[in-house]
Amino acid sequence: MLGSRAVMLLLLLAYTALGRAVPESSSPAWAQCQQLSQKLCTLAWSAHPLMGHVDLPREEGDDETTNDVPHIQCEDGCDPQGLSDNSQSCLERIHQGLVFYERLLSSDIFTGEPSLLSSGPVIQLHASLLGLRQLLQPEGHHWETEQTPSPSPSQPWQRLLLRLKILRSLQAFVAIAARVFAHGAAALSP
């Protein structure tokens, strides 16, 4: 029994010495993630209502739909060197963001508007977020996601502004994620 534990420990140390916390086989299908993230970018832009340019006011204070937005930051290791060394922290951050936006797209901010529930871009955006999230999470491996509270019910008059803010934030998030997957597909795919 002790021998198998020692072998397992040596294998784990070997992966850690290579800068990887998990075996290479658990890496995502970079090319599929790249394609789906590019589709997400397109859908995020097409989900905006056709109303022209809208300047959103900057708000001071607490707004639950923007304060807890996961941002991809330098310490997440999503830069080319960080991805080469250990892509897991970056992929976990992207996964966390996908869960966050999936919850927002399922909230009454979007579901409270019947015209958005047809087979339009918001429904396709939600399905693509779910698909990319599933691609990122290897079978049998469950990432701990921070407990993102569901947004409290919104008033009908708030929803248009909240949708615009959420979609704008989602556009920025998926643009960075698409760049990460483009690099991963080009440099890290076998």
Side-chain angles (χ1 to χ4, degrees), residues 11-12 15-16 18-48 65 68-107 109-111 116-117 119-151 163 166-190:
L11 287 174
L12 203 59
Y15 285 118
T16 305
L18 292 173
R20 295 182 181 93
V22 294
E24 191 69 31
S25 62
S26 67
S27 290
W30 289 104
Q32 288 178 321
C33 289
Q34 178 188 18
Q35 290 173 347
L36 202 47
S37 64
Q38 288 172 343
K39 180 179 179 181
L40 273 170
C41 283
T42 303
L43 289 170
W45 282 97
S46 66
H48 267 293
T65 61
D68 299 324
V69 174
H71 297 282
I72 298 173
Q73 301 173 350
C74 293
E75 61 265 14
D76 295 325
C78 293
D79 59 291
Q81 184 60 45
L83 285 175
S84 298
D85 292 344
N86 181 359
S87 62
Q88 292 306 304
S89 62
C90 177
L91 296 177
E92 285 181 35
R93 175 60 82 181
I94 292 173
H95 182 267
Q96 186 181 53
L98 295 173
V99 169
F100 176 82
Y101 286 109
E102 187 181 344
R103 287 183 182 157
L104 285 175
L105 290 176
S106 298
S107 73
I109 296 167
F110 289 91
T111 61
L116 296 174
L117 297 179
S119 61
V122 173
I123 296 297
Q124 294 172 21
L125 186 59
H126 189 268
S128 295
L129 280 170
L130 180 60
L132 184 56
R133 189 176 66 110
Q134 289 172 342
L135 273 177
L136 285 179
Q137 190 159 329
E139 203 170 307
H141 182 264
H142 298 286
W143 280 328
E144 294 294 324
T145 55
E146 292 178 6
Q147 292 297 328
T148 305
S150 296
R163 278 193 298 268
I166 291 166
L167 289 172
R168 193 167 284 172
S169 177
L170 176 61
Q171 288 169 348
F173 184 84
V174 297
I176 294 171
R179 292 185 71 179
V180 168
F181 293 123
H183 173 77
L188 303 175
S189 292

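These numbers come from a predicted model, not from an experiment.
Rounding to the nearest 0.5 angstrom, the gap separating the CZ atom in Phe181 from the CD1 atom in Ile176 is 12.5 Å. Separation of atoms CG (Leu104) and NE2 (His126) is listed at 10.0 Å; rounding is to 0.5 Å. Residue Gln171 holds its CD atom at 4.0 Å from CH2 of Trp45, rounded to the nearest 0.5 Å. In this structure, CG on Leu43 lies 5.5 Å from CD on Gln124, to the nearest 0.5 angstrom. Rounding to the nearest 0.5 Å gives a distance of 10.5 Å between OG of Ser46 and NZ of Lys39. Here Ile72 contributes atom CD1 and Cys90 contributes atom SG; the two are 6.0 Å apart, rounded to the nearest 0.5 Å.
When all heavy atoms are compared, the tightest approach of Leu83 to Cys78 is CD1-O, 3.7 Å. The shortest heavy-atom contact between Ile166 and Tyr101 is O-CE2, 4.0 Å.
Of the N and O atoms on the side chains of Arg93 and Gln96, at least one donor lies less than 3.5 Å from an acceptor on the other residue.
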Check your understanding: Going through the checks in order, is the side-chain contact (heavy atoms from CB on, under 4.5 Å) test met by Ile94 and Asp76?
Key -> CA-CA 9 Å; Ile94 292 173; Asp76 295 325; over 6 Å; no
Exercise for review: Apply side-chain contact (heavy atoms from CB on, under 4.5 Å) to Trp30 and Ser87, showing your working.
Suggested key: CA-CA 11 Å; Trp30 289 104; Ser87 62; 4.1 Å; yes
Practice item. Kindly determine whether Leu40 and Phe173 satisfy side-chain contact (heavy atoms from CB on, under 4.5 Å), including the steps that lead there. Key: CA-CA 10 Å; Leu40 273 170; Phe173 184 84; over 6 Å; no
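For the pair Asp85 (side chain) and Gly82 (backbone), a donor-acceptor distance under 3.5 Å is absent. Remark: the backbone N or O of Gln34 is paired with a side-chain donor or acceptor of Ser37 at under 3.5 angstrom.
Proximity of Val99 to Leu129: side-chain heavy atoms (C-beta onward) are nowhere separated by under 4.5 Å.
Checked against side-chain hydrogen bond (donor to acceptor under 3.5 Å, both in side chains), Glu102 has the following partners two or more places apart in sequence or in another chain: Arg133.
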